[in-house]
Asker: 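Pasting a structure below so you can have a look.
Please read these numbers as outputs of a predicted model, since none were measured by experiment.
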Amino acid sequence: KMKRYKQTLIFLIFGIMLMPFTNQCLNYIESVGLHGYFTNAEDTVFTWHGWFSESYQKKKGAYLNDHTGFRADLVRLSGQIDFSIFKDVNYGGATTTRDGNIYYDDYLESYNGFDYVGHAAIVQYMAKLKALQDTFSKLGKTFIFVYAPNKAYFYLERMPNKYRCYQPGPTNFADFLHTGDSLGINQIDFNDWLANKSGRTTDSIFTKQGIHWTIYGSLLAADSLIRYLECKRGVNLTHPKWTEVEHTDKGRFADNDMCDIVNLALPITTEQFTYPKVVFKSDSTTKKPNIIILGDSFSETMLFNDVVPNVFNDWQIWVKMVGFHDKGGHPMSENTMNKIDWKKEIDHTDCFVLLSTTTNLPKFGWGFIDQAYAYYFPEKK
C-alpha cells in the first residue's frame with residue numbers, strides 16, 4: 001500500500017512537471033499575460049553558422065524560456081511568495097514597505113539629492129528657460145513651468161528603511177525652484193502644495209499602489225493651473241466642478257499602476273480610491289485657448305481626468321519629446337514627435353506648459369529647451 005502511494009506521488013510530480021510543456025504545445029489553458037515593460041523573445045531558425053557561433057542556442061533558449069506554458073502564472077506565484085514572506089517585489093528599481101506602499105527607487109534617490117546635477121548646470125538651464133519665456137510673452141503666449149509631485153515627499157514616515165539613514169543633501173527640486181523664483185520664471189510648485197494637503201484630507205494625492213498622482217490629486221492641480229492661466233492671460237476659463245464623489249476599492253487609470261506591473265497573484269493591499277464626478281460648464285464669457293503640454297507621464301493624467309479636452313480648444317501633449325497625444329485622438333507611439341513640426345505647432349498655440357516631476361529634472365526639457373533656444377537665439381557667425 002505504501003508503495004502504491006509512492007508511485008502515485010511520483011506520477012503526480014511528473015504530471016505537474018510536464019504540464020508547462022504540454023500547455024506550451026497544446027495551449028489548452030490560456031494564461032493572463034504579464035504587465036510592465038518587457039518583450040518576449042522571438043523565435044529563430046536553425047542555421048549551421050548560428051549553431052557553431054552559439055547564437056542559435058541563445059536565441060532559441062530565450063524563446064523557449066519566454067514561451068513556457070503557464071510562465072505568466074508561475075512568475076506571479078514566485079513574485080507573490082517573495083512579497084508575502086520578504087515584502088520584496090520582483091521589479092527592477094522598485095521598493096515596497098511592509099504596509100504595501102510601493103516606490104520607485106529613483107524617486108527616493110531624488111528626495112535624498114543623489115541625482116543632483118549641480119547649481120551651475122541648473123542656472124544655465126533656467127537662464128535659457130527665462131529667455132524662452134520672455135520670447136513667448138512677446139509673441140502673446142503664456143509659458144508656465146509646473147513641478148509635478150514626488151511620492152517620496154508625501155509618505156516620509158513610510159519611507160523604506162534603507163533610505164532613512166540618509167540626510168537629504170542639495171536637491172534638484174529645491175535648487176530649480178529657488179533659481180526659477182530668482183529669475184522670475186512663471187512656475188507652480190505642486191510638489192510642496194499637495195504635500196501640505198497630505199494628512200489634512202482623507203482622500204489620497206498618491207495611493208500605496210501607484211507612482212503617479214491620483215485622479216483626485218490631478219484634478220486639484222488642474223484647477224489651480226487653470227486659475228493661474230486665467231490670471232496670466234486675463235480671461236475666464238472652464239473649471240472642473242464636482243458635487244459628489246465616488247469611493248471604491250477598485251483603482252482606475254494609473255491610480256494602481258504599480259500594482260499591475262509587479263505581477264503578483266494577489267492584491268498588494270486594500271485601500272480606498274476617490275473619484276469625483278466632474279462636470280465642465282462654460283458660458284459666453286468663457287475662453288478656450290490652445291495649449292501644448294510638454295511633460296513626463298504625469299501630464300497624461302490630464303487626459304484621464306478629462307481636463308485638457310474640456311478646457312482647451314486645440315491641444316497637444318508631448319510626452320518626453322518622444323510620444324504625442326492630440327485633439328484628434330491619435331494613439332501615442334514612441335518617436336511620433338519626429339513627425340511633428342514643433343516650431344509650427346508653437347506658432348499656433350496660446351499656452352505652453354512644461355511639466356516635470358522632481359525625479360525627471362535632471363532630464364529637464366528632454367532636449368526641447370536646447371533646441372528651442374537655438375531656434376529663437378541662433379548663434380551669430
Side-chain angles (χ1 to χ4, degrees), residues 93-117 119 122 126 144-181 185 187-225 228 251 254-259 268-269 271 273-274 295-302 305 353-364:
T95 299
T96 187
T97 57
R98 292 207 166 267
D99 64 348
N101 204 333
I102 301 182
Y103 298 85
Y104 267 148
D105 291 346
D106 52 0
Y107 283 72
L108 296 164
E109 292 168 359
S110 174
Y111 170 81
N112 284 293
F114 295 170
D115 59 350
Y116 183 56
V117 297
H119 183 66
I122 291 172
M126 297 300 267
I144 302 176
F145 183 24
V146 175
Y147 298 87
N150 177 344
K151 183 176 180 178
Y153 287 77
F154 285 73
Y155 300 117
L156 298 179
E157 73 282 359
R158 300 174 182 171
M159 186 175 290
N161 290 332
K162 67 179 180 180
Y163 290 98
R164 285 180 180 272
C165 60
Y166 296 102
Q167 290 294 327
T171 64
N172 294 313
F173 167 57
D175 207 342
F176 268 94
L177 190 63
H178 175 74
T179 304
D181 281 340
I185 292 174
Q187 52 186 17
I188 303 176
D189 173 17
F190 284 135
N191 189 52
D192 281 345
W193 181 65
L194 291 174
N196 288 332
K197 286 185 173 294
S198 183
R200 293 191 294 158
T201 174
T202 57
D203 300 305
S204 298
I205 308 298
F206 282 93
T207 65
K208 291 181 180 180
Q209 302 172 79
I211 199 64
H212 297 91
W213 51 13
T214 59
I215 294 297
Y216 172 80
S218 69
L219 282 169
L220 296 178
D223 188 67
S224 294
L225 175 60
Y228 192 91
D255 285 2
N256 60 343
D257 51 1
M258 289 298 294
C259 177
I268 295 174
T269 187
E271 59 184 318
F273 301 92
T274 300
D296 51 27
S297 52
F298 278 70
S299 64
E300 295 179 279
T301 312
M302 296 298 181
N305 65 20
V353 175
L354 177 59
L355 185 150
S356 174
T357 186
T358 63
T359 307
N360 285 321
L361 290 175
K363 311 176 187 75
F364 186 55

Asker: Considering non-hydrogen atoms only, spot the tightest contact between D105 and A94 and give its length.
Answerer: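 Nearest heavy atoms, D105 then A94: OD1-C, 3.9 Å.
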Asker: Decide yes or no for Q187 and F176: does some side-chain heavy atom of the first lie under 4.5 Å from some side-chain heavy atom of the second?
Answerer: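 Of all side-chain heavy-atom pairs linking F176 with Q187, none is under 4.5 Å.
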Asker: Cationic tip of K151 within the cone over Y103's six-membered ring, i.e. under 6.0 Å and within 45° of the normal?
Answerer: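 Yes, K151 lies over the aromatic ring of Y103.
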Asker: Among all residues two or more places apart in sequence or in another chain, which pass the side-chain contact (heavy atoms from CB on, under 4.5 Å) test with N360?
Answerer: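 So N360 forms a side-chain contact (heavy atoms from CB on, under 4.5 Å) with D296, K320, S356, T357, K363, W366.
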Asker: Report yes if some heavy atom in the side chain of D115 is under 4.5 Å from a heavy atom in the side chain of D106; otherwise report no.
Answerer: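 Not touching, per the 4.5 Å side-chain cut-off.
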Asker: Taking the side chain as everything from C-beta on, heavy atoms only, tell me whether P149 gets closer than 4.5 Å to F298.
Answerer: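 SC-SC contact between P149 and F298 confirmed.
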Asker: Answer yes or no: is there a side-chain heavy-atom contact under 4.5 Å between I102 and I268?
Answerer: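 Sidechains of I268 and I102: in contact.
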Asker: Test your reading of the model: is there a side-chain donor-acceptor pair from D223 to the backbone of L219, 3.5 Å cut-off?
Answerer: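 Side chain of D223 to backbone of L219: no pair is present.
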Asker: Which heavy atom in I122 sits nearest to a heavy atom in Y116, and how many Å separate them?
Answerer: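 Of all heavy-atom pairs spanning I122 and Y116, the closest is CD1-CE1, 3.8 Å.
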Asker: So, D175 versus T179: side-chain donor-acceptor pair below 3.5 Å or not?
Answerer: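 Per modelled atom types, D175 and T179 side chains form a pair under 3.5 Å.
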Asker: Is I205 close to Y216 at the side-chain level, that is, under 4.5 Å between some pair of heavy atoms?
Answerer: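 Y216 vs I205: side chains touch.
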Asker: Measuring from T207:OG1 to N101:CG, what's the distance to the nearest 0.5 Å?
Answerer: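 Between T207 OG1 and N101 CG, I get 8.0 Å after rounding to 0.5 Å.
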Asker: Would you call L194 and F154 a side-chain contact if the rule is heavy atoms closer than 4.5 Å?
Answerer: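 Side-chain contact under 4.5 Å: yes.
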Asker: What distance do Y147 atom OH and L355 atom CG have between them, rounded to the nearest 0.5 Å?
Answerer: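 If I round to the nearest 0.5 Å, the distance is 11.5 Å.
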Asker: Spell out, as yes or no, whether a donor-acceptor pair under 3.5 Å connects the side chain of N256 to the backbone of C259.
Answerer: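 Pair absent, no side-chain N/O of N256 close to backbone of C259.
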Asker: Please give me the minimum heavy-atom distance between G180 and M126, naming the atom from each residue.
Answerer: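 Result for this residue pair: CA-CE, 3.6 Å.
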Asker: Can any side-chain N or O of N150 pair as donor or acceptor with the backbone N or O of T359 at less than 3.5 Å?
Answerer: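 The answer is no, because no donor-acceptor pair under 3.5 Å joins these two groups.
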Asker: If every non-hydrogen atom of T269 is compared with every non-hydrogen atom of Q209, which pair is closest and at what distance?
Answerer: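 Distance-wise, the nearest heavy atoms are O-NE2, 3.5 Å.
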Asker: Which word best sums up how the rings of F173 and Y153 line up, parallel for under 30°, tilted for 30 to 60°, or perpendicular for over 60°?
Answerer: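 Answer is perpendicular, since the angle exceeds 60°.
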Asker: Applying side-chain contact (heavy atoms from CB on, under 4.5 Å) to I188 and L225, what does each step give before you reach the verdict?
Answerer: CA-CA 8 Å; I188 303 176; L225 175 60; 3.8 Å; yes
Asker: Looking only at heavy atoms, which two atoms of D255 and T214 are closest? And how far apart?
Answerer: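 Closest approach of D255 to T214: OD1-CA, 3.3 Å.
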Asker: In Å, rounded to the nearest 0.5 Å, how long is the span from CG of L177 to CG of D189?
Answerer: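 Here the interatomic distance stands at 5.0 Å.
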Asker: What I'd like to find out is whether the side chain of F364 reaches to under 4.5 Å of the side chain of L354, using heavy atoms alone.
Answerer: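 They are in side-chain contact.
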Asker: What's the shortest heavy-atom distance between F190 and S224, and which atoms?
Answerer: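 Closest approach of F190 to S224: CE2-CB, 3.7 Å.
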Asker: Output, in order, the C-alpha distance, side-chain angles, deciding distance and verdict of side-chain contact (heavy atoms from CB on, under 4.5 Å) for I211 and M258.
Answerer: CA-CA 6 Å; I211 199 64; M258 289 298 294; 3.9 Å; yes
Asker: Answer yes if the side chains of N305 and S218 hold a donor-acceptor pair under 3.5 Å, and no otherwise.
Answerer: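 Looking only at side-chain atoms, S218 and N305 do form a donor-acceptor pair, the distance falling under 3.5 Å.
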Asker: Is T97 close to Y155 at the side-chain level, that is, under 4.5 Å between some pair of heavy atoms?
Answerer: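 No. Closest side-chain heavy atoms not under 4.5 Å.
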